[in-house]
There are 2 protein chains.
Amino acid sequence: MEEKFVTIKDIAQKLGISVSSVSRALHNHPSISLKTRNKVRSMAKQLGYIPSSPAISFQRGKTGTIGVIVPKLSEPFFATALSAIENIATQRNYKILFGQSLDTEEKEKELVESMLHHRVEGLLISISKKTMNYSHLDALKRNHLPVVYFDCIPHQKNIHYVVCDLRNGTIEAMNYLLRKGHRTIGLINGPPSLFASMEREDGYFRALTMKRLKIDRSLIVSSDLSEAGTINAIETLLAKKKPPTAIITFNDFTAIYVINHLRKTNKYKKDLEFVSYANMPILKFMEYGPSASVEQFPYRQGEKSTEILLDLIQQKNVITSEPSAFFKVYVETQLIEKE
Amino acid sequence: MEEKFVTIKDIAQKLGISVSSVSRALHNHPSISLKTRNKVRSMAKQLGYIPSSPAISFQRGKTGTIGVIVPKLSEPFFATALSAIENIATQRNYKILFGQSLDTEEKEKELVESMLHHRVEGLLISISKKTMNYSHLDALKRNHLPVVYFDCIPHQKNIHYVVCDLRNGTIEAMNYLLRKGHRTIGLINGPPSLFASMEREDGYFRALTMKRLKIDRSLIVSSDLSEAGTINAIETLLAKKKPPTAIITFNDFTAIYVINHLRKTNKYKKDLEFVSYANMPILKFMEYGPSASVEQFPYRQGEKSTEILLDLIQQKNVITSEPSAFFKVYVETQLIEKE
DNA sequence: CTAAATTAAGCAAACGTTTGCGTTGGAAAG
DNA sequence: CTTTCCAACGCAAACGTTTGCTTAATTTAG
């Protein structure tokens, strides 16, 4: 009744040969005759032998797994990214150990530790938005573990990362609105602490500077990205003596919150235009939504970061005296206009 | 330069004591004096010791991981479910090994095998929609691996599963439409091979039977769930001499495809009512969408199935002669009406 | 003051697999 | 008939950790 897994030892015993021969037979080692090889194979099948990855990992010192840490999987961006990560990893015979930080520094720390315990061969991280202290990430460097950050990256030197070029994305978005004649453009940004917020703001300024237009800082308001916080933000903007005629919002949902609020309070005007980020697929079916959205290609980001990570792992397995170069990949955004 | 992980052997050597003492010291074993215990702890910290999970897993024959296989993570349902799975698993000190079948039987087979290799202690599977042959699942039974299926389950006896009660969900949806006066209700279903399709159909019939209304089988059409296939389906329905006044669609996206198509071809009528399944959060912000949607609680399904699985794993570790009972959990759906 | 009990530690086996090296037996070469 | 060579296989160590059993030193009891 007590089920135990069959080992090569069992096969060896049944066949009256040594374990090393069994091991070699299963790996098609040339020094094993075809006859025994076949005997071993059929006995393995008969007994239902399943090789033990833990034992193999242990003995070779390699686990064949990479760790992935994201804030929250229920965010479509990360779900899509993880989907891509799994695809690439599987293609290259790696398995995924997965964890979510839920945007807390503590859980992120625990996860990183746990990944180290499990001897993942590399780590893909999109860091928590609340992470201020990077000491747990330093531990990774000490252990020379290949790490690639994506989307949400720490403010550190000498790291590999893959991100969207949101600054340029924002410039594109601004140019789109400027081209359509808007001259008073609002920006409902995320929390100022976020790197993503800084990039949007930066792009916003750049676009105006490039066109030699003057900058009104009060057109930038910050939201905590909740529905209530966003409604607050839009009210602030519209209360201005000269309210914006177009607004860039932190993401699609932010835009939708705003538009929904305006419609409910009868303040909605068809000529108030919105541009947001993320380009959710559902967007093109929405009657009242942003007229354009900045596509961030989560799938590509996942793919690219995984490829880099796996390359780094491979590279690590060959001796090299070269000082390592650091990859900084910027995935081009694309402004998707609603037909 | 060649970084090797510090082992308890290293600690033992530095301190001139045995490895067993180090191991016990780190586990606060009573037969180790406080003095050596402290010496060991500080030396471990100083050398940067990180316990090797692979070694521990190997030696104890337990990996502390569960496997999760879903068709596609980019589907929000599975992303949300996996999010819940990870939460529960982490709470109970289990790690997640993750893979996607991409709705192909072959990949699913490979994944199941790989999970067996990795000696996961249990498996959570939502099977591929194209899986017809269950031989790879039988292998799991042979190895007495606890398995809980969720959402998409195989047509087999003696398995544990967690699903939504879509039959009742459909009855609820039907009653909602009947209450609103509709008497000719269409059903755009998914592929007939899907269990989920059968349940919808079953509920559809039941609802009509319960109200002693007559059944018109031609009001049920099947779609491959692509946009084109769905458009085909709606056209079939509307071409009838007595077209439906309300339609239940396989999911939210199906409904949206249909509505979008009707609006584009100027066939949209306000009184043609839609009810769908999934209740995507964005739905309540859509001007033209289903007027109600069947919430399937992916998060709860993920939670529940993980809890059951972990309980099964624990149970397995205590000797029991009782024949195992099989859990069949039906998560109640809820019809969410648009305000 | 000896015997028993207790405390603190060490020894060694075990987990499943891989792999360098050693050992056979027989065939080919001399 | 030796010697050499090769094919085919076995031996044993190693990977890092845990744990049952043993041992040594110290304390307590009688």
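Just so it is clear, the structure is predicted and the values come from calculations on it, not from any experiment. Reminder, nothing fancy here: chain letters follow the sequence lines and each chain counts from 1.
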Asks: Stacking check: are the rings of B/Phe58 and D/dT17 less than 5.5 Å apart at their centres and under 30 degrees in tilt?
Replies: no
Asks: Show your reasoning for whether salt bridge (Lys or Arg N to Asp or Glu O under 4.0 Å) applies to B/Glu303 and B/Arg300.
Replies: CA-CA 5 Å; B/Glu303 280 185 326; B/Arg300 299 265 170 247; 2.9 Å; yes
Asks: Quick one: is C/dC15 close enough that its OP1 or OP2 comes under 4.0 Å of any side-chain N or O from A/Lys4?
Replies: no
Asks: Any luck finding a side-chain donor-acceptor pair between B/Tyr149 and B/Gln156 under 3.5 Å?
Replies: no
Asks: Roughly, in whole Å, what's the span from CD in A/Gln13 to P in D/dC11?
Replies: 13 Å
Asks: I want to verify a distance call: between D/dC15, D/dT18, D/dC9, whose nearest atom is closest to the A/Thr36 side chain?
Replies: D/dC9
Asks: Categorize B/Ile8 for me: base, sugar-phosphate, or nothing, with a 4.0 angstrom heavy-atom threshold over every strand shown.
Replies: base
Asks: Contact class for A/Ser23 (heavy atom, under 4.0 Å): base, sugar-phosphate, or nothing?
Replies: base
Asks: Assign A/Pro54 to base, sugar-phosphate, or nothing according to its heavy-atom contacts below 4.0 angstrom with the strands shown.
Replies: nothing
Asks: Send over the distance from A/His118 NE2 to D/dT17 C1', rounded to a whole Å.
Replies: 15 Å
Asks: Just the rounded figure in Å: distance from P of D/dT17 to NE2 of B/His27.
Replies: 10 Å
Asks: Atom NZ of A/Lys62 to atom P of C/dG16: distance rounded to whole Å?
Replies: 23 Å
Asks: Considering only heavy atoms and no angle criterion, is a donor-acceptor pair shorter than 3.5 Å present between the side chain of A/Ser20 and the base of D/dC11?
Replies: yes
Asks: Closest to the B/Val19 side chain: D/dT18, C/dG10, C/dT19?
Replies: D/dT18
Asks: Do A/Asn87 and A/Tyr299 pair up side chain to side chain, a donor and an acceptor below 3.5 Å, judged on atom types alone?
Replies: yes
Asks: Let me know, please, whether B/Ser21 or B/Ala55 comes out on the 5' side of the other along DNA chain D by nearest nucleotide.
Replies: B/Ala55
Asks: Taking NZ from A/Lys9 and C1' from D/dA12, how many angstroms apart are they, rounded to a whole number?
Replies: 13 Å
Asks: Between B/Cys152 and B/Lys129, what is the shortest heavy-atom contact and its length?
Replies: SG-CG, 4.2 Å
Asks: Is there a donor-acceptor pair closer than 3.5 Å between any side-chain N or O of B/Lys316 and the backbone N or O of B/His144?
Replies: yes
Asks: A/Asp10 has an atom CG; how far is it from atom P of C/dT17, in whole Å?
Replies: 9 Å
Asks: Distance check needed: D/dG16 P versus B/Leu26 CG, whole Å only.
Replies: 15 Å
Asks: Expressed in angstrom and rounded to an integer, what is the separation of A/Leu15 atom CG from D/dA8 atom P?
Replies: 17 Å
Asks: Between B/Gln59 and B/Val22, name the one whose nearest nucleotide on DNA chain C is closer to the 5' end.
Replies: B/Val22
Asks: Counting distance alone, no hydrogens or angles: does the base of C/dG10 have a donor or acceptor under 3.5 Å from a partner atom on the side chain of B/Arg24?
Replies: yes
Asks: If you find the nucleotide of DNA chain C closest to B/Arg119 and the one closest to B/Ser31, which residue's nucleotide is nearer the 5' end?
Replies: B/Ser31
Asks: Ignoring backbone atoms, establish whether B/Ser18 has a side-chain N or O less than 4.0 Å from OP1 or OP2 of C/dG10.
Replies: yes
Asks: Would you say the side chains of A/Asn143 and A/Arg119 form a donor-acceptor pair under 3.5 Å?
Replies: no
